[in-house]
Amino acid sequence: YNLKKGDFLLIDANIMHISRTIGKELYEKYGLSPREPETIKRLKYKNGKQRLVYTYGEGERSYVVTTLPEGNIESIITSK
């Protein structure tokens with residue numbers, strides 16, 4: 001990546017916007033109170049596709065949310 005000074009702020013703002021969207025979805029569907037993600041990972045596949053993976057936890061339950069880079073939620077996986 002050829003990042004310039006200030007690019008990190010843009011990336012952080014996008015990630016935080018996506019995180020808020022995910023938080024709303026998790027609250028509406030699963031009753032999970034809004035919180036910061038435990039981890040955020042960016043995946044880049046050989047075919048050029050990219051995904052962002054956010055993990056959240058509450059007690060023994062965990063939530064893994066996969067989004068497209070622009071923020072559309074692709075999947076939510078829950079586990080106990």
Side-chain angles (χ1 to χ4, degrees):
Y1 296 106
N2 294 323
L3 297 174
K4 299 177 287 302
K5 188 175 182 179
D7 286 346
F8 290 106
L9 294 176
L10 189 59
I11 292 168
D12 288 344
N14 186 47
I15 287 175
M16 294 314 297
H17 172 73
I18 295 170
S19 182
R20 284 190 298 274
T21 301
I22 292 170
K24 182 179 175 188
E25 185 81 9
L26 290 176
Y27 178 74
E28 290 174 358
K29 288 190 175 181
Y30 302 100
L32 183 67
S33 59
R35 65 192 67 222
E36 295 289 318
E38 292 178 359
T39 64
I40 303 170
K41 295 181 183 180
R42 179 183 306 257
L43 304 177
K44 186 172 183 182
Y45 299 95
K46 286 184 180 183
N47 64 8
K49 291 185 179 183
Q50 294 186 38
R51 298 294 184 266
L52 295 171
V53 179
Y54 295 75
T55 58
Y56 298 83
E58 182 175 61
E60 293 181 11
R61 185 171 296 274
S62 62
Y63 302 82
V64 179
V65 182
T66 303
T67 71
L68 299 173
E70 61 273 7
N72 297 329
I73 295 174
E74 191 172 60
S75 67
I76 299 174
I77 299 171
T78 63
S79 66
K80 244 183 171 176

Straight-line distance of [X] [atom1] to [Y] [atom2], nearest 0.5 Å:
| X | Y | atom1 | atom2 | result |
| --- | --- | --- | --- | --- |
| Arg20 | Glu36 | CZ | CD | 9.5 Å |
| Tyr30 | Glu58 | OH | CD | 13.0 Å |
| Thr55 | Ile77 | OG1 | CD1 | 12.0 Å |
| Lys24 | Ile73 | NZ | CD1 | 10.5 Å |
| Met16 | Thr21 | CE | OG1 | 11.0 Å |

Would a hydrophobic clustering, with Ile, Leu, Val, Met, Phe, Trp and Tyr connected at side-chain separations under 4.5 Å, put Ile76 with Val53? no

Check the hydrophobic clustering (I, L, V, M, F, W, Y; side-chain heavy atoms under 4.5 Å; chains of links allowed) and say if Val64 and Leu43 are grouped together. yes

Between [X] and [Y], which heavy-atom pair has the shortest distance, and what is it?
| X | Y | result |
| --- | --- | --- |
| Glu74 | Leu68 | OE2-CD2, 3.8 Å |
| Tyr54 | Ile15 | OH-O, 3.6 Å |
| Ile18 | Glu70 | CD1-C, 4.3 Å |
| Gln50 | Pro69 | O-CD, 3.3 Å |

Kindly indicate whether the side chain of [X], heavy atoms from C-beta on, has any atom under 4.5 Å from the side chain of [Y].
| X | Y | value |
| --- | --- | --- |
| Arg42 | Leu52 | yes |
| Pro34 | Tyr56 | no |
| Tyr63 | Ile22 | no |

How about Tyr27: does its OH atom have over 12 heavy atoms from other parts shown lying under 6.0 Å from it? no

Atom CD of Glu60: over 12 foreign heavy atoms under 6.0 Å: no

Exam field: side chain Glu38 to backbone Gly57, donor-acceptor pair closer than 3.5 Å: yes

